[in-house]
S.K.: 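One structure is given below, represented as structure tokens, and several questions about it will come after.
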Amino acid sequence: MAKAKPVEFSGGHQAAFRIPLIINSEKRFGQGITTKTHTKDGEISFHLPEVTDSDIEKLSTTSDVHELSINEIIDFYVKVGKLWGNRNYDLRKDAVQLAVRNSGYSAEMIEHAYDQIAGIFSKQFISQTIKSEIQDEAFLDDWLKVDEIYVHAQPRGRVLHILAGNAPPISAVSMLRGSLTKNSNIIKMASGDLVTSIYLASSFLDVDADHPITKTTSVVYWPHGSLVEEKIIHNANAVCVWGGKDVIESTKAKTRPGTELLEFGPRRSMQFIGHEAFESKNVLQSVTDKAAHDIVLFDQEACHSPQLAFVEGKGNAETFCEALSKSMVEECKRLPKGFTRGDKHASISHERILAKFYGEKVYESEKTEWTIILSDKVQRTQRHPLGRMLYVFEIPDLKGAIHHIDKSVQTVAVFPEKRIVELRDEITKRGADRVTSIGRMGYFATGAPHEGVYPLSRLVRWVKSR
Amino acid sequence: MVVDWECDEMVKLDSPFNMPLDQVKEWRFKVFKQIFEFHYKNCPLYTRYCDLYHVTPEDIKTNSDLNKIQPVPSDAFRDMDSPIISVPEADIVFKSTTSSTTSSKPVWFCMDKTSIDRTNFANRRSFTEILKLKDGFVFFLTPKDSDTGLVKGMQATLRTIGLPPENSDYLVTGGEFDVEQVIKKLTDCPIKPRHIYGPPFVFMRIVEYMEANNKQLKLDPESRLMTTGGWKRVQGEVPREMFIERVSKVFGVDGSQIRDSLGLTDIFTMLPECEHHKKHVPPWFYISARNPEKTNEEVAEGETGLLVYMSSLIQSYPAFCMTGDMGILREGVCECGRTGQTVQHMGRAQGAGARGCAIRLEEFMNKIQK
């Protein structure tokens, strides 16, 4: 059970929380930095300590966990996963409550995300991930003969993870990758998720306070552009950066040559709906239920969230929109939309009004919960307000939609699955990284590369010996 | 077509900015019902759009029905295949463009002569009666050839108030900006009062230089130091109160002489601040603050809404523009004694790009910083 609350409620007239930094398992509270989020209950402040030179010194000298066997690492994360798989685990319960207030996502969405984290930390997922990315987990522990030489996967050292706040599971994915490759982890939280990493690292203490992974995991925060950022990036041996264009570009600019840099985002995604979806009402409903889930997940803020759909066959797009409208109503009940700021409401309303002026058909909830726009102007989807809005386009043949794909597209979901084979080569040649089935856009299968790379193989140094 | 326009009568009223509130609302209802009816009848694209919402001129029965007037998103003026106009295309004498970050295509607003003349006349009244800018010499802290709508708009307004082009100078030339030269020109200018117009960050460049070199100027009691709110995104912004304090000190003017304005290129106007730093909406314009979640409803006074800028003066296109601006409206009697709406700009809807002038001036700033 948890020994102490990782986060302190500092109360007072306005809701405020004190979020600690964790430097190699040691927590430190402070008030140097304040970030604010707007929620339906008003403004909430989060106070965090600044990263000091002394912290940077400790982070710069943290060793890797090369002495651990891969099985010890897996066992550790599986124990953490088991704790997080229990919705009544104290830390998870607290994390859900706080994450709702910090991220704005609904409690249902956060629970869903934390269920995903439990799955990510399952033995099966971890083992399959290592197998597909490293081929043989023994490379991580030992020297294996490959033709004429012996090869070993050495940790790079310290991996800095600059996280985005749009999808809580990325905290788990990124730190797991760092640990499986026997590196130490420095997690830089996003202001939109000041909760998940802190609570995950806190649950490490519940599993084993003296474990080398616990002792080499740090969770920190600094405002974007701070001088601290440059110092920590300079001392990292590898950097995994998630997020928008600004963050990625500034991180790239600060990363020294020779430091491995893995970048994730920003991307957008699409759905391709074949004419087969309209063979029967049941099939169509199954497709639109899954399509709705893809849209609703993380309120469409993730790279894998579909922003537009191409529907094959004359007259089918309208039928699809009507069916999808019903599915959106149901899926929004299951995974309610989180808090939306006024300017975001405005952006969605603005887009709806624009569509109506163009004479496009708009399917919408009474307020701004969800929107489907049956359009013929693909160009203007570049200006997408997100917030559970899908642009739908009718085309005679799915192949005709492929030219709308470029490198900004991460995932294309195709129905029916059997047509993936027909389309995947052209889709990925145009720049997309992933072709999957409808309803699975937010779930990365084991064996899947991420953004065109196998991250584990990039977080090790492949060394050789005769 | 000959229309007996109510707005022509209103812009000529003796005291349009000091009418009792009841009269403001009465006039507002008359002029906006009439202009809505005109666009509904004469702009087929707008008619189709209003029909979608089941709104016709008959639905505008009282002042409180003005929120039923359907706003046109400014982006529509860019993307439509044919121009959005309510007069014959042959009557169009001027096309204004503004740019958007989200597309390389410009946004077109088409004006006929009547709309231009009427708008110029009304803008003149705002500038002479709210800003009290009547004569003197205007220094632009911009290049002469700036193609921003706000600079062009200011030039046009100065012409309408009778300031000849030779009574203005542009202090940025070839991307160069020499503060010493600015000080010299301001000091030596024989024409009084001396006014300055420019983006806040250029004002701040002068302020910082003068503070660092312990220099001060003494402009004239009638001088106006003018900025435009649409530029406030520009890097170098300082809190408004601090801006006023520092600018007033180095230029030797009272804080009430420093006036920001809200540039509304979509309806060809600027809303200048009064001496109490409130941006007044003249009665021939109406700003509606819509509920961002349900845009057919207005938010309560004092709440932030999605702004719809409406002009009763423009007959060439339905100038009921939703630009993506967010803001707060208040209606009543200002400390300055003027009546009607005042507006406070609060930023842009998320995802809505920065508007043209801010972008152009950021580019311009980048040039002069080199």
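Proteins get letters first, then strands, A, B, ... in listed order; numbering begins at 1 in each.
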S.K.: Taking side chain as C-beta onward, heavy atoms only, is His345(A) less than 4.5 Å from Leu306(B)?
M.R.: no
S.K.: Side chain, backbone, both or neither: which part of Met322(B) has a heavy atom under 4.5 Å from chain A?
M.R.: both
S.K.: What's the shortest heavy-atom distance between Gly359(A) and Arg48(B), and which atoms?
M.R.: N-NH2, 3.3 Å
S.K.: Quick check for you: to the nearest 0.5 Å, what is the distance between Lys367(A) atom NZ and Asn291(B) atom CG?
M.R.: 7.0 Å
S.K.: For Lys377(A), look at atom NZ and say whether over 12 heavy atoms of other residues, nucleotides or ligands are found less than 6.0 Å away.
M.R.: yes
S.K.: Report which part of Glu369(A) has an atom under 4.5 Å of a heavy atom belonging to chain B: side chain, backbone, both, or neither.
M.R.: neither
S.K.: Of all heavy-atom pairs between Thr368(A) and Pro292(B), which one has the smallest distance, and what is that distance?
M.R.: CG2-O, 4.1 Å
S.K.: Please examine the side chains of Phe357(A) and Leu52(B), heavy atoms only from C-beta on, and report whether any two atoms are closer than 4.5 Å.
M.R.: no
S.K.: Testing the basics here: between Ala349(B) and Ser347(A), what is the closest heavy-atom pair and its distance to 0.1 Å?
M.R.: CB-N, 3.8 Å
S.K.: Over all heavy atoms of both residues, which pair between Arg348(B) and Asp343(A) is shortest? Give the atoms and the distance, please.
M.R.: O-CB, 3.9 Å
S.K.: Between Gly305(B), Ala76(B), Pro71(B), which residue shows the highest count of heavy-atom pairs closer than 4.5 Å to chain A?
M.R.: Ala76(B)
S.K.: Using a cut-off of 6.0 Å, state whether more than 12 heavy atoms not belonging to Glu297(B) lie near its atom CD.
M.R.: yes
S.K.: What is the minimum heavy-atom distance between His350(A) and Pro73(B), and which atoms define it?
M.R.: NE2-CB, 3.9 Å
